[in-house]
Amino acid sequence: MLEGCQIIDFNWVYLYLNDAAIVHAQKSREELIGYTMMKAYPGIEETPLFERMRKVMKDREPDRMENPFKYPNGNQGWFELHIQPCPEGILVLSQDISDRKLALERAHDQLKRLNALHQIDRAITSNFDASVVLESVLKQIHQILNLDAVAILQLDPVTQDLRASGSSGFKKAHLEDLSLKMGKGIAGMAALERRTIAIDDLANEPTFVRRTLVEKEGFVSYVGASLVSRGETLGLLEGFHRSKLTPNKDWLHYFNIVANQMAIAIVHMRTFSDLQKANQELMMAYDRTINGWAKALEIRDFETQGHSKRVTELSVTLARAFSYSDSELVNLRRGAMLHDIGKMGIPDKILLKPGKLSDKEWKIMKQHPLIAYDLLSNIEFLKPALDIPYCHHEKWDGSGYPRGLKENVIPEPARIFAVADVWDALRSDRPYRKHWSDEDAFAYIKKEAGTQFDPRVVEEFEPYAMEALKVQ
Ligand code: C2E
Ligand code: SIN
Ligand code: SIN
Ligand code: FE
Ligand code: FE
């Protein structure tokens with residue numbers, strides 16, 4: 001008979017137990033027959049099970065319940081209990097439903113873990129900030145796997161150090177206490193041999209080398225899985241527990257899946273930070289190039305020294321009044337620095353001519369925005385900065401060059417820049433004329449508002465120029 005059967009009298013004394021009930025009771029028949037339940041199981045009166053039995057004793061109505069219990073090995077089991085009134089007192093029929101119950105629990109756990117994995121995936125793909133990803137993953141592992149502490153060790157390929165880059169649940173230990181040499185101790189060997197290891201009792205495992213860590217934290221059990229991606233060892237995922245941990249196959253399987261996800265995350269993060277670094281280096285290289293070009297141009301056209309820098313600063317000041325975003329300002333800045341890059345294609349004979357240009361020379365000089373366009377449009381990174389080099393000689397009334405654009409059809413950065421450029425050009429000596437006074441330059445720009453210049457830009461420029469005039 002698979003079903004347990006026991007009879008308990010009105011005084012809670014065991015009268016009868018069949019063999020299955022003896023197995024379920026986890027005691028011998030001699031320990032039970034003739035004894036009360038309270039004597040056999042001290043504290044049972046406080047349990048929900050006893051409460052239900054008491055009710056059946058009194059009300060003489062059958063009841064049914066599912067009751068958890070612990071196997072002698074500590075594992076959790078479940079009984080389905082039918083409690084029925086009988087002439088002697090109550091009859092308790094018990095059936096071990098642990099398998100069914102555990103299967104259900106497992107499905108539920110797996111769902112939770114799946115959901116956690118999904119969240120880890122989302123963290124990996126949506127957020128490349130390494131610390132945020134690590135934190136999110138560690139929190140998930142901590143919760144779902146019921147570990148007291150978890151840590152990620154990343155391998156430094158040069159020194160072969162496994163260095164902790166994230167942890168959760170440690171009370172006293174620092175990240176440095178977690179670090180390990182590749183191949184050293186049982187954990188270092190697991191990383192080296194790309195294995196997963198579980199140690200249920202660290203006290204009996206002398207090959208686990210981080211003794212201070214174990215003692216400081218009171219860890220009893222350990223589990224470690226190597227992080228491997230495309231044949232490269234990246235590190236170690238570690239779990240610690242302050243009481244005995246006996247992971248089953250499911251649990252270890254999930255731990256390994258998490259370790260795999262982790263390895264993917266690390267590869268992503270590395271690739272991304274490499275990309276970011278490369279990008280940053282590229283940006284810096286480009287900006288150095290840009291500044292270098294502008295300088296070279298100023299050296300050649302030696303009387304315009306510092307012009308590029310000055311008009312750039314003034315353009316940025318004006319653009320702020322038009323609420324430019326940071327990235328728009330970056331492009332404006334680059335465009336302004338490069339505004340006359342096209343003059344590189346203009347012969348000295350023309351560029352440095354002390355007097356007025358002939359019609360033929362002027363035709364060539366007017367090519368410089370087109371030359372700039374040809375130069376810069378092939379550089380992906382500078383495309384968004386093209387407006388100024390290409391359009392800074394367009395005029396509000398459509399009489400400018402190279403395309404004769406009018407009013408708002410002229411890109412705004414170019415309209416802003418044109419005011420800054422002429423303001424600075426007029427006040428500087430040129431091979432073809434001496435510099436103008438600030439007052440004359442200011443009067444000229446005001447006069448040209450609505451013909452050469454965008455009147456809104458001149459309006460924003462005025463207070464700036466007034467300030468400059470006062471300083472003198
Ligand atoms: P730039 O000398 O840097 O002048 C930039 C812009 O400032 C000019 O664009 C113009 O709008 C304004 N500007 C500069 N000087 C004067 C001026 O004396 N009077 C007035 N009303 N506006 C002035 P623009 O006219 O399209 O000229 C473009 C570039 O062509 C100049 O750059 C300069 O490199 C060259 N250029 C223009 N006119 C002459 C010239 O008579 N002789 C020579 N050698 N080069 C000239
Ligand atoms: C230069 O930027 O060096 C050329 C002069 C000018 O833009 O006015
Ligand atoms: C020029 O572009 O050739 C003169 C200076 C300027 O307007 O940028
Ligand atoms: Fe120009
Ligand atoms: Fe200029």
Side-chain angles (χ1 to χ4, degrees), residues 290-291 293-316 318 332-376 385-405 410-411 413-449 451-454 457-458 461 465:
I290 290 170
N291 295 348
W293 280 348
K295 264 268 179 46
L297 197 61
E298 286 180 359
I299 287 166
R300 185 168 160 232
D301 192 1
F302 62 97
E303 274 164 310
T304 61
Q305 267 195 33
H307 167 74
S308 297
K309 212 167 164 198
R310 287 194 304 274
V311 294
T312 299
E313 293 316 316
L314 176 51
S315 300
V316 168
L318 295 178
L332 180 118
R333 189 175 278 282
R334 290 179 179 150
M337 284 303 285
L338 292 172
H339 72 277
D340 266 342
I341 191 70
K343 279 188 181 171
M344 284 193 163
I346 306 297
D348 279 358
K349 193 171 99 270
I350 298 171
L351 186 67
L352 305 179
K353 184 176 177 178
K356 243 180 128 33
L357 301 175
S358 69
D359 285 357
K360 206 178 147 205
E361 289 165 336
W362 184 234
K363 233 179 121 185
I364 292 166
M365 176 57 82
K366 280 180 21 178
Q367 297 285 313
H368 79 270
L370 285 169
I371 296 168
Y373 182 87
D374 287 342
L375 273 175
L376 304 180
L386 255 176
D387 284 344
I388 291 173
Y390 189 30
C391 308
H392 68 284
H393 288 301
E394 301 289 356
K395 293 183 179 178
W396 184 251
D397 61 5
S399 67
Y401 61 93
R403 289 181 289 171
L405 302 180
I410 308 167
R415 282 181 268 135
I416 292 172
F417 175 81
V419 172
D421 188 35
V422 173
W423 165 249
D424 196 82
L426 288 175
R427 291 152 67 241
S428 310
D429 288 337
R430 285 288 187 264
Y432 58 97
R433 58 145 176 79
K434 278 280 166 204
H435 68 270
W436 291 21
S437 71
D438 286 353
E439 287 79 4
D440 287 349
F442 183 50
Y444 177 79
I445 286 172
K446 270 181 80 169
K447 178 174 76 75
E448 291 293 321
T451 48
Q452 185 172 348
F453 304 118
D454 178 348
V457 176
V458 175
F461 166 76

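Because the structure is predicted, anything quoted here is derived from the model rather than measured. These numbers come from the heavy atoms of this one structure, side chains and all, not from hydrogens, waters or symmetry mates. Whatever order the structure lists them in is the order used to number ligands and atoms, beginning at 1.
Inspection of the H393 and D421 side chains reveals no N or O donor paired with an N or O acceptor under 3.5 Å.
With sequence neighbours excluded, no residue forms a ring pair (Phe, Tyr, Trp, His ring centres under 6.0 Å) with F453. E313 meets the side chain to side chain contact (heavy atoms under 4.5 Å, CB included) test with R333; sequence neighbours excluded.
Closest of all the heavy-atom pairs between H368 and K343 is CB-N, 3.8 Å. Across every non-hydrogen atom of L318 and F461, the tightest pair is CD2-CA, 3.7 Å. The heavy-atom pair separating P369 from K366 by the smallest distance is CD-O, 3.3 Å. Heavy-atom minimum distance, P347 versus I364: CD-CG2, 4.2 Å.
Taking the Fe ion (ligand 4) as the apex, the angle formed with NE2 of H368 and NE2 of H393 is 90°, to the nearest 10 degrees. The Fe ion (ligand 5) lies at the vertex of an angle of 80° between the NE2 atom of H307 and the OD1 atom of D421 (rounded to 10°).
Listed for the E394 side chain is a donor-acceptor partner under 3.5 Å among the backbone atoms of L405. Proximity of a side-chain donor or acceptor of K446 to a complementary backbone N or O of A449 within less than 3.5 Å is not detected.
In this structure, Q452 is part of the shell of residues with a heavy atom less than 4.0 angstrom from ligand 1. Within the 4.0 Å heavy-atom cutoff, K343 counts among the residues contacting ligand 1. Ligand 1 lies out of reach of A418, whose nearest heavy atom is not under 4.0 Å from it.
Looking at H368 next to ligand 1, no N or O pair under 3.5 Å apart turns up. Taking any N or O of G355, backbone or side chain, at least one lies under 3.5 Å from an N or O belonging to ligand 1. In terms of polar-atom proximity, defined here as any N/O pair under 3.5 Å, D421 makes no such contact with ligand 1. Between W362 and ligand 1, not a single N/O pair is under 3.5 Å apart. Between Y444 and ligand 1, an N or O atom pair is found at a separation short of 3.5 Å.
Using a 4.0 Å cut-off to heavy atoms of I350, the atoms of ligand 1 that qualify are 44 (N). For ligand 1 and V422, the ligand atoms under 4.0 Å from any heavy atom of the residue are 7 (O), 11 (O), 12 (C). Within ligand 1, the atoms closer than 4.0 Å to a non-hydrogen atom of K353 are 44 (N), numbered from 1 in the order shown. Those atoms of ligand 1 with a heavy atom of M365 less than 4.0 angstrom away are 30 (O), 34 (O), 35 (C). When each atom of ligand 1 is checked for a heavy atom of A425 under 4.0 Å away, the hits are 3 (O), 4 (O), 5 (C), 7 (O). Within the listing of ligand 1, atoms 13 (N), 15 (N), 16 (C), 17 (C), 19 (N), 20 (C), 22 (N), 23 (C) sit less than 4.0 angstrom from a heavy atom of L426. Near Y401, with a cut-off below 4.0 Å to any heavy atom, the atoms of ligand 1 are 24 (P), 26 (O), 27 (O), 28 (C).
When the heavy atoms of W436, W423, Y432 are ranked by distance to atom 36 (N) of ligand 1, first place goes to Y432.
Contacts between D340 and ligand 1, counted as non-hydrogen atom pairs separated by less than 4.0 Å, are absent for every part of the residue. By the criterion of a heavy-atom distance under 4.0 Å, neither the backbone nor the side chain of H307 is placed next to ligand 1.
At a cut-off of 2.8 Å, D424 is not counted among the residues with an N, O or S atom near the Fe ion (ligand 5). The Fe ion (ligand 5) has no N, O or S atom of H392 inside 2.8 Å of it.
Under the 30°/60° scheme for interplanar angles, the aromatic rings of H339 and H307 are found to stand perpendicular.
At least one side-chain heavy atom of L332 sits less than 4.5 Å from a side-chain heavy atom of S315.
Per residue D340, closest N, O or S atom to the Fe ion (ligand 4): atom name OD1.
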